[in-house]
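Since the structure comes first, as structure tokens, the remarks are kept for the end.
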Amino acid sequence: MKIQKKHVISAALILALGAAVYVNWQFGASAKTTPKQLGEASYVSADVSSATADQRAVSTMSKQQESYFASERLKRQSTQDKAIDEAEKLFDLDGVSEDEQNEAQKTVAQLLKSFTVQDSIESILKAKGFSDCLCTVTDEGVTVIVPKEQLNDTAALVIDDAVTSHYSVDYEKISIVGAE
């Protein structure tokens, strides 16, 4: 009698299935230490009003802060657009040397990199729980502006970590400002 390849594979699969069922049964039996009734629940009491009020104080910003962040974003966007437009004008001029065009390309690349770093840091800080923030990257360092209510020692560490993970800068060159 000749054992075919598919018979061996079928037998191996049946053995593996049997072993899996046995292991599942063993672990399932040991996990059931206390029987529970369907619909049984345990209740936990908590003072929801005080926790919610504290969270609301941290997570909400005043209208003044919201308008500040919105106006600063508009200013930053217009400044960035002007800088890119001026650099792009050099590409369109006929009498511009190759050195000037290369310098303009380097400037545009550096600007785009700093814009990307700013956006990345802001996204990370918002994901870490800040209601809003602004980040500015310059040659002198990095400035991060967050709502003053959310500024504490832990927040400073989170901000420092977010900045240094996306931009090579010393801690001394990171400035954190609380917006009122």
As a quick check of understanding, evaluate side chain to side chain contact (heavy atoms under 4.5 Å, CB included) for Ile124 and His166, giving each step before the final call. CA-CA 10 Å; Ile124 287 172; His166 281 80; 2.7 Å; yes
Report the C-alpha distance between Val144 and Leu134 in whole Å, list the side-chain angles of each, state the deciding distance to 0.1 Å, and finish with yes or no for side chain to side chain contact (heavy atoms under 4.5 Å, CB included). CA-CA 6 Å; Val144 177; Leu134 279 171; over 6 Å; no
Test side chain to side chain contact (heavy atoms under 4.5 Å, CB included) on Gln80 and Leu112 and set out the steps. CA-CA 9 Å; Gln80 291 173 351; Leu112 292 176; over 6 Å; no
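A heavy-atom distance below 4.5 Å is not found between the side chains of Val142 and Lys173. Put simply, the side chain of Gln110 reaches to within 4.5 Å of the side chain of Asp139, judged on heavy atoms.
Hydrophobic clustering places Ile174 together with Val137 (ILVMFWY residues linked when any side-chain heavy atoms are closer than 4.5 Å, directly or through intermediates). There is a path of hydrophobic side-chain contacts, each under 4.5 Å, that joins Tyr171 to Val169.
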Please tabulate, for the side chains in residues 153-164, all donor-acceptor contacts under 3.5 angstrom to protein atoms that are two or more places apart in sequence or on a different chain.
| from | atom 1 | to | atom 2 | distance (Å) |
| --- | --- | --- | --- | --- |
| Thr164 | OG1 | Asp160 | O | 2.8 |
| Thr164 | OG1 | Asp161 | O | 3.4 |

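Separation of atoms CD1 (Ile176) and SG (Cys133) is listed at 11.5 Å; rounding is to 0.5 Å. Interatomic distance, Thr79 OG1 to Leu111 CG, rounded to the nearest 0.5 Å: 11.0 Å. Remark: Tyr22 OH to Leu17 CG distance equals 15.5 Å, nearest 0.5 Å. Going from atom CG of Asp132 over to atom CD of Gln150 covers 9.0 Å, rounded to the nearest 0.5 Å. With rounding to the nearest 0.5 angstrom, the NZ atom of Lys5 is 5.5 Å from the CD1 atom of Ile9. In this structure, CD1 on Ile145 lies 13.0 Å from CZ on Phe130, to the nearest 0.5 angstrom.
The salt bridge (Lys or Arg N to Asp or Glu O under 4.0 Å) search around Lys148 returns Glu180, not counting sequence neighbours.
Residue pairs meeting the side chain to side chain donor-acceptor pair (under 3.5 Å) criterion with at least one member in residues 111-123, sequence neighbours excluded, are Arg76-Glu122.
Crowding of Lys128 atom NZ: a count of heavy atoms from other residues, nucleotides or ligands under 6.0 Å not exceeding 12.
In this structure, Thr138 and Tyr167 approach most closely via the heavy-atom pair O-OH, 4.0 Å. Across every non-hydrogen atom of Val146 and Phe69, the tightest pair is C-CZ, 3.9 Å.
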